[in-house]
**Student:** 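This structure is in structure tokens; I'll ask about it shortly.
The sequence lines fix the lettering, A, B, ..., with proteins before strands; numbering per chain opens at 1. Source: prediction; values computed, not measured.
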There are 2 protein chains.
Amino acid sequence: MQDKKKIPKSAVSRISLYLREVTRIEEDGRDRISSAELGDYTGLTDAQVRKDLSHFGQFGISGTGYDVSKLKTAMRQILGKDNIWPIVLAGVGNIGSALLRYPGFKSQGFFIKEAFDSSRKKIGRRFGDITVKDIKDIGDIEKDKSIKIAILAVSLEGAQQVADMLVASGVRCILNFAPCVLKVNNGVVVRNIDLSNELENFSFTLSQPAMLKNGTEIS
Amino acid sequence: MQDKKKIPKSAVSRISLYLREVTRIEEDGRDRISSAELGDYTGLTDAQVRKDLSHFGQFGISGTGYDVSKLKTAMRQILGKDNIWPIVLAGVGNIGSALLRYPGFKSQGFFIKEAFDSSRKKIGRRFGDITVKDIKDIGDIEKDKSIKIAILAVSLEGAQQVADMLVASGVRCILNFAPCVLKVNNGVVVRNIDLSNELENFSFTLSQPAMLKNGTEIS
DNA sequence: CACTGTGAACCCGTTCACAGCA
DNA sequence: TGCTGTGAACGGGTTCACAGTG
């Protein structure tokens with residue numbers, strides 16, 4: 001199953017969830033887990049779990065379930081978590097600086113390697129072992145071929161322009177916190193984190209009782 | 001079309017995008033816009049725009065397009081943006097405090113009315129006009145019936161327990177930054193913002209060339 | 001016997017295409 | 001004529017159900 005058929009992007013997102021649980025399960029010393037149990041932990045059905053995994057290969061043992069450590073290894077490999085992924089951060093405001101201080105991703109194989117801002121006040125400031133540089137020099141990252149991922153946390157006004165610079169410098173994936181739709185070349189992947197948008201989904205739900213069908217949702 | 005048929009949740013999310021653009025368009029002094037142009041701004045097709053709007057009513061004029069101010073009014077009403085939505089924040093760490101300082105939502109009709117943390121260091125600290133309270137007292141928000149939305153920015157360990165307290169206190173919608181799947185009663189809506197998950201989607205894309213089909217995606 | 005892997009059925013959001021209206 | 005509103009067709013992700021296997 002490894003090839004040919006395209007994989008739903010939502011399946012990839014769920015693999016992250018499974019990996020998280022499987023990692024925890026392994027730390028608990030367990031060595032086997034069924035699709036049903038993994039489904040319980042992630043709020044999904046057993047069939048969904050099996051179907052998702054089946055896109056990538058056959059990891060289970062009939063009548064027994066999955067070998068925890070084998071499954072973990074496989075999923076880490078699928079998600080590229082055996083590499084370390086350097087990230088460039090553009091924008092060191094409220095959110096940007098929270099991310100710089102956030103210990104969460106380092107443990108997950110991601111780390112912010114460069115940070116840029118346009119404000120005189122921010123440039124030169126240090127966070128741990130990285131120093132904020134002038135956003136005008138963001139093109140310098142082109143020299144560092146390992147940087148393929150950017151976090152864009154600049155203001156709305158600068159977002160598109162900075163995105164263009166990032167893409168021109170070799171960035172392939174952008175996590176965008178600015179409240180706008182970025183226009184990027186084909187082949188560049190953008191994921192948006194739009195807090196107002198999220199909250200507006202809530203205010204809709206609260207304002208329009210029972211217009212929407214399902215309650216909980218993933219990511 | 002106002003009733004009976006269920007509305008795709010993704011359509012609601014897109015209404016946010018449309019509203020943003022329409023608001024901008026109005027500020028530019030324009031008074032009409034077509035579905036095609038709105039589609040350009042949001043990276044969607046004209047048909048998608050029309051279909052989304054059609055779920056909520058008929059706002060357009062055949063042969064002419066949409067009246068900008070009427071459309072804006074309608075979409076604001078749909079999303080409940082004529083109300084002001086108080087929010088409770090649980091967890092004033094890196095992300096929580098960034099959100100407390102973030103001016104973005106106030107302008108969007110959302111504001112953090114209460115903030116809680118478990119750390120001695122944080123309790124009592126002031127951010128603007130709100131004071132961080134002890135998370136043990138989070139049940140106090142039950143008295144404030146207007147609080148229906150929570151932002152959960154506590155550590156993984158505390159997340160489920162705090163979520164339970166929030167729900168018990170009347171919260172109906174939770175924006176969850178903790179990297180876990182919350183178990184909540186039916187009727188409570190959770191949206192997850194999981195940064196590691198987002199980045200893992202990138203590392204997958206970069207590791208597994210061409211296994212996924214589409215490039216850019218919304219929210 | 002329990003649980004996986006998977007074709008087939010189902011469901012639902014998106015896209016199409018065109019009738020209808022200003 | 002130009003653009004909306006929408007039923008119908010389409011596509012693809014999810015669910016079902018069961019054959020297959022350790």
**Student:** Whole-Å distance between C/dC11 P and B/Ile7 CD1?
**Tutor:**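 After rounding, the reported distance stands at 21 Å.
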**Student:** Without decimals, in angstroms, what is the distance between B/Asp46 CG and D/dT4 P?
**Tutor:**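 In whole Å, D/dT4 P and B/Asp46 CG are 8 Å from each other.
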**Student:** Taking the side chain as every heavy atom from C-beta outward, state whether B/Cys173 and A/Phe204 have any pair of such atoms under 4.5 Å apart.
**Tutor:**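 No, too far: nothing below the 4.5 Å cut-off.
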**Student:** Is the closest side-chain donor-acceptor distance between A/Ser13 and B/Asn197 under 3.5 Å?
**Tutor:**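 Yes, a side-chain donor-acceptor pair sits under 3.5 Å.
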**Student:** Rounded to whole angstrom units, what separation is found between the NZ atom of B/Lys6 and the C1' atom of C/dT14?
**Tutor:**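 From B/Lys6 NZ to C/dT14 C1': 20 Å.
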**Student:** Please list, one pair per line, the donor and acceptor atoms closer than 3.5 Å that link side chains of residues 99-106 of chain B to other protein atoms, with sequence neighbours excluded.
**Tutor:**
none

**Student:** Using distance alone, with no hydrogens and no angle criterion, decide if A/Ser196 and B/Gln108 have a side-chain donor and acceptor under 3.5 Å apart.
**Tutor:**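 No donor-acceptor contact under 3.5 Å links the two side chains.
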**Student:** Can you tell me how far P of C/dA22 sits from NZ of B/Lys70, to the nearest Å?
**Tutor:**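 Distance, rounded to whole Å: 12 Å.
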**Student:** How long is the line joining CD of B/Glu37 and P of D/dT4, in whole Å?
**Tutor:**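 From B/Glu37 CD to D/dT4 P: 11 Å.
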**Student:** Does C/dG5 have OP1 or OP2 sitting under 4.0 Å from an N or O in the side chain of A/Tyr66?
**Tutor:**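 A/Tyr66 to C/dG5 OP1/OP2: side-chain N or O found under 4.0 Å.
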**Student:** How many whole angstroms separate atom CG of A/Leu53 from atom P of C/dT4?
**Tutor:**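 After rounding, the reported distance stands at 9 Å.
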**Student:** side-chain contact (heavy atoms from CB on, under 4.5 Å) with B/Lys72: which residues, sequence neighbours excluded?
**Tutor:**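 Applying side-chain contact (heavy atoms from CB on, under 4.5 Å) to B/Lys72 gives B/Leu19, B/Val22, B/Thr23, B/Glu26, B/Arg76.
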**Student:** Check this for me: does any side-chain nitrogen of one of B/Arg24 and B/Glu27 sit under 4.0 Å from a carboxylate oxygen of the other?
**Tutor:**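 So B/Arg24 does not pair with B/Glu27 through a salt bridge.
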**Student:** Indicate whether OP1 or OP2 belonging to D/dT6 is found under 4.0 Å from a side-chain N or O atom of B/Gln58.
**Tutor:**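 The answer is yes; a side-chain N or O of B/Gln58 sits under 4.0 Å from OP1 or OP2.
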**Student:** If the condition is salt bridge (Lys or Arg N to Asp or Glu O under 4.0 Å), which residues does B/Lys148 pass it with, not counting sequence neighbours?
**Tutor:**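 So B/Lys148 forms no salt bridge (Lys or Arg N to Asp or Glu O under 4.0 Å) with any residue.
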**Student:** Quick one: what's the B/S/- string for nucleotides 14-22 of chain D, heavy-atom cutoff under 4.0 Å, read 5' to 3'?
**Tutor:** SB-B--BBB
**Student:** Take atom CZ of B/Phe59 and atom P of C/dA22, then tell me their distance rounded to the nearest Å.
**Tutor:**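 Interatomic distance, CZ of B/Phe59 to P of C/dA22: 17 Å.
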**Student:** Sequence neighbours left out, what pairs pass salt bridge (charged side-chain N to carboxylate O under 4.0 Å, His left out) with at least one residue falling in residues 176-188 of chain B?
**Tutor:**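 Passing the test, one end in residues 176-188 of chain B: no pairs.
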**Student:** Using whole Å, report how far CG of B/Leu71 lies from P of D/dT4.
**Tutor:**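 For the pair B/Leu71 CG and D/dT4 P, the rounded distance is 11 Å.
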**Student:** Does this structure show an ion pair linking B/Glu37 with B/Arg30, if we count only N-O contacts that are shorter than 4.0 Å?
**Tutor:**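 Salt bridge present between B/Glu37 and B/Arg30.
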**Student:** Let's see if you get this right: which residues in residues 24-35 of chain A place a heavy atom under 4.0 Å from DNA chain C?
**Tutor:**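 Going residue by residue through residues 24-35 of chain A, the ones with a heavy atom under 4.0 Å of DNA chain C turn out to be A/Ser34, A/Ser35.
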